[in-house]
Amino acid sequence: MSFTLRSVKVPPNSVSLEEARSRTFEFFRSACRSIPTIMEIYNLYDIVNPSQLRSAIASQFRKNAHITNPKVIDMLLFKGMEELNNITEHAKQRHHIIGQYVVGNQGLVQDSGSKDQGSSEFLKNFYSGNYF
Amino acid sequence: MGLGLLASRALRSTRAFSPLNPRNVRTIVSTPELQKPEAAAAVAQPEADLPKRTPVAGARVHLPNPEDAIEVFVDGYPVKIPKGMTVLQACELAGVDIPRFCYHNRLSIAGNCRMCLVEVEKSPKPVASCAMPALPGMKIKTDTPLAKKAREGVMEFLLMNHPLDCPICDQGGECDLQDQSMAFGSDRGRFTEMKRSVVDKNLGPLVKTVMTRCIQCTRCVRFATEVAGVQDLGMLGRGSGEEIGTYVEKLMTSELSGNVIDICPVGALTSKPFAFKARNWELKGTETIDVTDAVGSNIRIDSRGPEVMRILPRLNEDINEEWISDKTRFCYDGLKRQRLNDPMIRGADGRFKAVSWRDALAVVAEAMHQVKPEEIVGVAGKLSDAESMMSLKDFLNRMGSNNVWCEGNGVHTNADLRSSYLLNSSISGLENADVFLLVGTQPRVEAAMVNARIQKAVRATHAKVGYVGPASEFNYDHQHLGTGPETLKEIAEGRHPFCSALKNAKNPAIIVGAGIFERNDKDAVFSVVEAIAKQGNVIRPDWNGFNVLLLNAAQAASLDLGLVPESDNSIESAKVVYLMGADDVNLETLPNDAFVVYQGHHGDRGVYRANVILPAAAFSEKEGTYENTEGCAQQTLPAVPTVGDARDDWKIIRALSEVAGARLPYDTLGAIRSRMRIVAPNLLHMDEREPATFSASLKPECNEKMSTSPFGTAVENFYMTDAITRASKIMAQCSALLSKQ
Ligand code: SF4
Ligand code: FES
């Protein structure tokens, strides 16, 4: 994906955690700012609204909230920018966005979860596979 | 190679060669001092102080009485050995591995390959160490130029007529000839003539032959006559016309024939089903236990990825020595066929539909709650491990039913005294017996490895064998005493000529087949056998010759855990039947509206009647405890992953118990095992034979009458006895070709 690399300049490393933190916020804002474009190019109006997308983005950030190493944060920022770039360049297709950010990690077939309620850890593991 | 070494070589070679023609001696020997071994040997070797050597492969020697020990010197290192040992064995004790082809420590000595030549001081020629008895004070040299030259020469002769087909040979990578020619052979050949070729022989569906590769070591011939007890193989012709073959066009009809594949040092005899399937260095070995019979042979499963590629024996002196039966070795293709891989429910149209585990378990639990607790029946199969049988019994007990048993155990079998269902003499102990009385058992098909021990005893000490049962084939001398219980009664009352043999015997052994468990008059039969045992002094403090030969891998453990049916007609009155891998229970009397759950790994007989299928793991895919017929608990280890959506047996029952609202208190194998410790602690003593403590004389008196019906055959077809072997194509070929001859 040479065109992606062309457009993404590698910024210098963050010196401190504070710098990495401010960069993260900056990146979050830029991601949120591109939500209207994303809704437009992937034609997402009938399945999702901007605030849902925003919380999907925020949850991606929160997933890594525990990381304190500025180098790692820089790397994650880089990956995030690459992803954002791919999305805004329309390098992805509609089902990618839906699969990753709209339906989310739970998968398309959603268990209501009420079935397994009250069952033991063993039984839950048993349903998911033989090796546990 | 250091410069100094090169220089010294150059110096020495000028000394060894005559200076007249230093160049035109063409030799295949690359080490110059081998040219004149005598001269080089004459150079006095400095007496190095020798490091302590460890015997080859942990060989140990037991000196019965120290006066009989002699001392020999191997490469200057003194070893004490008992009288009668060969030079080769002495070298092995001294930690020197002598190359060999024809010598095999479980077979008689042939001494025809000459690869094991060593130098012995004061003997004019090198001697074949495998055939030479060691004499006191002998000075053996294994590393001298003379010995090396002798080996190189033998190697050259052997390779003369050996084809150069290592790239297409299945033995490649584990070939003795390949290895030893790398280690001891010359680095160039002088042979320019034509190689001889030999017509391949057809030995049946198991052993592939490429007879041109044979080096005439006759190991296979000796194995067939001495261990397998069949005179099928032999040597034909002389000199370069020498060939191995069956004398007439005939297949090899032994249940141990697969072992010739292991003992053949070259690729002349290889496995037919394994031909061109894999190279041995791609395979991952898992040391586990065989479950096709009650012997529990130690095996190694060689797998590549998720596939079992072959099964090889593992050494265990107490159980299978280093042999395994053909069923054990070749049943593995059954692990790939007919497998159940999804939970399934039979729909209204009689077809199975794949469902999720959640639904399947819910349906089973629902069905179990619909009926009265006594109407639930559980049957464990032949191949079940102890852990899953424990959890099945616990689960059904929690549901309120005690109708749980293991197939083949009969009704009201005495499971309280371990001595009444174990092979009390132990498998290796059978070698010491001098009279055998086989009651209703055909060990050749029921437990081939036990039969091999009896054969060994008959061969070594001319032990007498008396047999009561239907006409059957034996591979050793035996007396057919009769077919039914009357003969037993005659022996018990002392009216039979065999009685005197039994009375005069030092270590008499009675072996009762587990097929008798299925007879209605089994208590009477057992009490008559015990009467015979009492007369013949079979049970003494130092010798217990009362043996029961079990049929299935699960049987001993199931009896230890008390899986015995309570009443004869539990199947007739059952509403829910839980088959845990049980394919051979008779379901004909089962009411039509009964609900049948089949948990198992193969779509075999049990599935035909099942309403729900729960797929489970086969023995090659799970960790489980099995107890063999002599009471030795051993463990299988998973060699390959489970297929599809299958689960381990005990996990299925544990999960079902929770869905059914009778949750079992264990979540791990370790927890089940601590539960087993309460019921049968011997199942936790891995790889240790736990002899029965009580003797059979504690049994209550029985006053039933024996019926007159003769004993039956417990195993109709040696090659197909359980779900795995019935699914195997190779076993089907074998039973078509070999069992009806
Ligand atoms: S076939 Fe194999 S075992 Fe038999 S004599 Fe030839 S080399 Fe030896
Ligand atoms: S091993 Fe001694 S002659 Fe073959």
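The figures that follow rest on heavy atoms only: side chains count, while hydrogens, waters and symmetry mates do not. Every value quoted in this text rests on a predicted model; they were computed, and no experiment measured them.
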| message | Measuring from atom CZ of B:Arg663 to atom CG of A:Leu123, what distance do you get when rounded to the nearest 0.5 angstrom? | response |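 Between atom CZ of B:Arg663 and atom CG of A:Leu123 there are 8.5 Å.
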
| Could you state the interatomic distance from CH2 (B:Trp357) to CG (A:Asn130), rounded to the nearest 0.5 Å? |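 B:Trp357 CH2 to A:Asn130 CG: 8.5 Å, rounded to 0.5 Å.
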
Other residues, nucleotides, ligands: >12 heavy atoms within 6.0 Å of [X] [atom1]:
{"X": "B:Lys336", "atom1": "NZ", "answer": "yes"}
{"X": "A:Tyr131", "atom1": "OH", "answer": "yes"}
{"X": "A:Arg21", "atom1": "CZ", "answer": "no"}

| B:Lys651 to A:Phe132 six-membered ring, cation-pi geometry met (6.0 Å, 45°) |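 Judged by the rule, B:Lys651 and A:Phe132 form a cation-pi pair.
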
| request: Ignoring hydrogens and angles, state whether a donor on the side chain of B:Glu658 or A:Ser120 is under 3.5 Å from an acceptor on the partner side chain. | output: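 There is such a pair between these side chains.
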
Please classify the contact between [X] and chain A as side chain, backbone, both or neither, with a heavy-atom cut-off of under 4.5 Å.
{"X": "B:Pro641", "value": "both"}
{"X": "B:Ala646", "value": "backbone"}
{"X": "B:Leu361", "value": "side chain"}

| said: Among B:Asp645, B:Asp667, B:Val659, which residue has the highest count of heavy-atom pairs closer than 4.5 Å to chain A? | reply: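 Result: the option with the highest number of such pairs is B:Asp667.
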
| query | Does some side-chain heavy atom of A:Phe126 sit less than 4.5 Å from a side-chain heavy atom of B:Ile652? | reply |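 They are in contact (side-chain heavy atoms under 4.5 Å apart), so the answer is yes.
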
| said: Show the nearest heavy-atom pair for residues B:Arg647 and A:Ser128, with the distance to one decimal. | reply: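 Of all heavy-atom pairs spanning B:Arg647 and A:Ser128, the closest is NH2-C, 4.1 Å.
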
